[in-house]
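Chain identifiers are assigned alphabetically (A, B, ...) following the order of the sequence lines, protein sequences preceding nucleic acid strands; residue numbering begins at 1 within each chain.
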Amino acid sequence: MNDRNLSRRRLLKFLAVFFTGLFAIRWQEIIRIFSQKNTRPNLKEAKHYSRSDDMAG
Amino acid sequence: MLPIVECRLCHHRCRLDEGERGQCRVRINLDGKLYSLVYGKPCSVHIDPIEKKPLYHVLPASASFSLATAGCNLRCKFCQNWQISQSPPEETENIELPPESVVQEALRNHCRSIAYTYSDPVIFYEYMLDTAKLAKQNGLINIFRTAAFIEEEPLLELCPFIQTASVDLKGITEEYYEKMCAAKLEPVLQAVKIMHRQGVWVELTNLVVPTWNDKEKDIRDLCLWIKENLGPDVPLHFSRFWPMHQLKSLPPTPEKTLTRAREIGLEEGLHYVYVGNIPEHEGNNTYCPKDGKLLIRRIGYSILENNIIDGQCKFCGTHIPGLWA
C-alpha cells in the first residue's frame with residue numbers, strides 16, 4: 001500500500017513538473033509572440049541622396 | 001572604404017557613415033546606399049475627421065485615412081506624438097500596409113482623403129509619394145501634414161500628387177526654431193511658398209506656447225509674413241498648447257491669448273483666422289470676409305451648419321477659397 005502511494009506520489013510529482021515546465025515553455029512562447037513588435041524593416045532604397053564618391057570637393 | 005552618404009531629403013543634410021542613421025532615425029546608409037526603414041510600415045493608422053488636421057477649407061465633415069511611421073526630423077519640445085516621433089521603428093508597434101493597401105482601406109472605409117500625419121511625413125517620403133500617386137489615381141485627396149522642413153527638389157517631386165498641405169508654422173524667428181525644434185525657419189518659409197506657388201491648398205497652424213512665441217510682435221510678424229507672401233486667403237489656425245513631452249511645466253495657452261492672436265490676424269488683413277483646441281470658441285467658425293455672416297459653425301471636430309454652396313457664401317455669393325467638393 002505504501003509502495004503504491006509512493007509510486008502515485010512520484011507519478012503526480014513527475015506530471016506536475018512536466019506540465020508546469022511545458023506550460024512555462026508555451027507561456028514564454030505565447031508572451032514572445034504577443035510582445036513581438038513588427039520591427040523587421042522594409043528596406044526600400046531612398047530617393048534624394050548622394051554618395052561621397054559622387055560629391056564634389 | 002565604403003562611401004559616406006548624404007541624405008538630401010531635408011535640410012539637416014545628414015552625412016552618414018556605413019550603418020549610420022539620420023537624425024530622423026529611419027534612414028540608414030547600408031553598403032553606400034540610403035535606405036528607408038519604414039516603407040509600408042506605419043505605426044499609427046486611424047480614421048480622423050478632416051477638421052482634426054486641422055483643415056477647415058477642405059471637404060468639411062469628411063473622413064480622412066490617417067497614417068504615420070516612427071521617426072521625425074524635428075525635435076519639438078512640445079511634441080504631442082513624441083512616443084512615435086522620437087522613436088526608431090524598432091520601438092514602435094508597426095503593421096504591414098503597402099501603398100495599395102492604404103488606398104484600398106481608405107476607399108473601403110469611405111474616406112475621401114489620405115493624410116500623412118502624426119509624425120512628419122517627410123521622413124517616410126518614399127512611402128508617402130508612392131501612396132499619394134495611387135491615391136490620386138483612385139480619386140482620393142492627399143493631405144501633407146508637415147512642418148515643411150524639406151529640400152526643394154523632393155518637395156517639387158511631391159507637389160503634383162498632393163492637393164492639400166496642413167503646415168505647422170511653429171514660430172517666426174530663427175531662434176525659436178533652433179531652440180524649440182532643432183530646425184531652421186527659412187527653409188520652412190521657402191517650402192510653404194513653393195507649395196503655395198505649385199497650387200497646393202495650404203493651411204497654416206501656429207501652436208501658441210506661453211512664454212515662447214506668444215508675444216504680440218511674434219504673432220503680428222507671422223500674420224504679416226503670411227499676408228505678404230501667400231495672400232490673405234490662406235487660413236491660419238492658432239492652436240492651444242497643452243503641457244506635453246518636455247514642456248510639462250508650462251501652463252496651457254490662456255484662451256485670451258488665442259483670442260488676441262486671432263484679432264491680430266484679422267487686424268492684419270487675413271481673411272480666415274481660426275482658434276483651435278478650444279471647443280465652442282467663435283474662432284472655430286468660418287465667417288464670410290465680405291458680409292461677416294457665419295458660414296461654417298463648428299464645435300470641436302463637428303460641423304453644425306454649413307452655408308457654403310459650390311464654394312460660395314450662400315448669402316452674398318463671395319468666393320470662399322478651398323477644396324469643397
Given a strict heavy-atom distance threshold of 4.5 Å, which part of [X] is in contact with chain A: side chain, backbone, both, or neither?
X: Asp130(B); value: side chain
X: Glu153(B); value: both
X: Glu151(B); value: neither
X: Leu30(B); value: side chain

Query raised in the report: Can you find a pair of side-chain heavy atoms, one from Tyr35(B) and one from Glu45(A), that are under 4.5 Å apart?
Result: yes
Report task. Check whether any side-chain heavy atom of Pro154(B) lies under 4.5 Å from a side-chain heavy atom of Lys47(A), and answer yes or no. Result -> no
Query raised in the report: Roughly how far, to the nearest 0.5 Å, is the CG atom of Leu2(B) from the OG atom of Ser52(A)?
Result: 9.0 Å
Based on non-hydrogen pairs under 4.5 Å, which of [options] is most in contact with chain A?
options: Ser36(B), Gly32(B), Cys14(B); result: Ser36(B)
options: Leu9(B), Leu34(B), Leu129(B), Val26(B); result: Leu34(B)
options: Leu37(B), Leu16(B), Asn29(B); result: Leu37(B)

More than 12 heavy atoms of other residues, nucleotides or ligands under 6.0 Å from [atom1] of [X]: yes or no?
X: Glu174(B); atom1: CD; result: yes
X: Lys33(B); atom1: NZ; result: no
X: Glu20(B); atom1: CD; result: yes

Query - Least distance between heavy atoms, Ala46(A) atom then Arg27(B) atom - result: CB-NH2, 3.2 Å
Query raised in the report: Pick one: which of Arg8(B), Glu126(B), Glu157(B) meets side chain to side chain donor-acceptor pair (under 3.5 Å) with His48(A)?
Result: Glu157(B)
